[in-house]
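What follows is a set of notes on a single structure, which appears directly below.
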There are 2 protein chains.
Amino acid sequence: MVVRIDVSDDEVDRIFRALADATRRDIVRRTLTGPASVSQLAATYDMSFAAVQKHVAVLEGAGLVTKQPRGRERLIHGNPETLQRAQRLLDAYEGIWRGRISRLDALLEDD
Amino acid sequence: MVVRIDVSDDEVDRIFRALADATRRDIVRRTLTGPASVSQLAATYDMSFAAVQKHVAVLEGAGLVTKQPRGRERLIHGNPETLQRAQRLLDAYEGIWRGRISRLDALLEDD
DNA sequence: AATACGTACAACCATTTGGTTTCACAATAC
DNA sequence: GTATTGTGAAACCAAATGGTTGTACGTATT
């Protein structure tokens, strides 16, 4: 029985879960190049404003974007730090495969 | 020269979705170091054999592991190629942020 | 031959997800 | 002021997810 003491498994769950949707990946891409309001984002997708709002909320919950009020708008900014975190995770897995890292378990139980 | 990441949206969805679960990430980790049977995997988790079987099926559907029959067992092997695909995806996002990649859109449209 | 083991698969259940519509409200525009 | 725009939040719905138990069947073991 693998007992998971580390709570932040949930955080990794949220990051990958948030990236597992094409619309959300597109929102991340767009907000990495520069901020955009929720309605600006919503204008380009074939779904309701509320649906896009929910996607943004999922990304925000995963720490992949941040919301910054400006007037009546909410500017969405992509958060590269969280992406780097996901990158490091995948890098660690590749490290396992290559056998370069000997005792990686602690790292993968997720910092 | 532009190397095209030829991955469909659905495929990327499945990869990240599969990685969005701690048990499945653990299975990937374990099968990257060496093959393991489904029952060997299941023995270490606090859930039914059938549940682990389903997790393996999700990973297999995402191409993160492969199943190879040997006798009455099914040996599960981790698949580093698929992990590399996910890595390249995240690398591309980081490239956007850094502004180092100029024409990345075609790459990210993940056709 | 009989038994145990490893896997597959179906049926079922509770919760989550991804979408919708609708209503409310603050900020801007006219 | 009134109207419009941008957002938030609730209620609702169908489908997917993650778990369970039970059954069936090929493969080893004895």
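We name chains A, B, ... by the order of the sequence lines, and we start the count at 1 in each one.
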Notebook entry, point to check: For residues Q87(A) and E94(B), is any side-chain donor paired with an opposing acceptor at under 3.5 Å?
Noted result: yes
Next item on the list: Using a heavy-atom cut-off of under 4.0 Å over every strand shown, decide if R70(B) touches base, sugar-phosphate, or nothing.
Entry: nothing
Next item on the list: Please list, in 5' to 3' order, the outermost nucleotides of DNA chain D lying under 4.0 Å from any heavy atom of chain B.
Entry: dT17(D) to dA28(D)
Checklist line | Flag side-chain contact, heavy atom, 4.5 Å: L64(B) against T82(B) | finding: yes
Item checked: Interface with DNA chain C, restricted to residues 14-21 of chain A and to heavy atoms under 4.0 Å -> R17(A)
Item checked: M47(A) CE - dT17(C) C1' separation (whole Å) -> 13 Å
Check: In the single-linkage hydrophobic clustering (I, L, V, M, F, W, Y; side-chain heavy atoms under 4.5 Å), do V38(B) and M47(B) co-cluster?
Finding: yes
Notebook entry, point to check: Got Q68(B) and R74(B) here, is their nearest side-chain heavy-atom distance under 4.5 Å?
Noted result: no
Check: Taking atom CG of L75(B) and atom NE2 of H77(B), what is their separation to the nearest 0.5 Å?
Finding: 5.5 Å
Next item on the list: Group every Ile, Leu, Val, Met, Phe, Trp and Tyr by side-chain heavy-atom contacts under 4.5 Å, then state whether Y45(A) and V28(A) land in the same group.
Entry: yes
Notebook entry, point to check: How far apart are the C-alpha atoms of R88(A) and D91(A), what are their side-chain angles, what is the distance that settles it, and do they pass the salt bridge (Lys or Arg N to Asp or Glu O under 4.0 Å) test?
Noted result: CA-CA 5 Å; R88(A) 284 201 304 268; D91(A) 287 347; over 6 Å; no
Which pairs, protein N/O on one side and nucleotides 23-25 of chain C N/O on the other, fall under 3.5 Å?
none

Check: Does one side chain, of T44(B) or R30(B), offer a donor that lies under 3.5 Å from an acceptor on the other?
Finding: yes
Item checked: With R17(B) via side chain to side chain donor-acceptor pair (under 3.5 Å) - residues at least two apart -> none
Check: Tell me the salt bridge (charged side-chain N to carboxylate O under 4.0 Å, His left out) pairs involving residues 39-61 of chain A, sequence neighbours left out?
Finding: E60(A)-K67(A)
Item checked: Distance-minimising heavy-atom pair for I15(B) and A86(B) -> CG2-CB, 3.9 Å
Margin query: Quick one: does any side-chain atom of E11(A) pair with a main-chain N or O of S8(A) as donor and acceptor, under 3.5 Å?
Written below: no
Next item on the list: Summarise how protein sits on nucleotides 2-14 of chain C as a single string, 5' to 3': B when a protein heavy atom is under 4.0 Å from the base, S for sugar-phosphate-only contact, - for no contact.
Entry: --BBSBBB-B---
Next item on the list: Check the hydrophobic clustering (I, L, V, M, F, W, Y; side-chain heavy atoms under 4.5 Å; chains of links allowed) and say if V58(B) and L19(A) are grouped together.
Entry: no
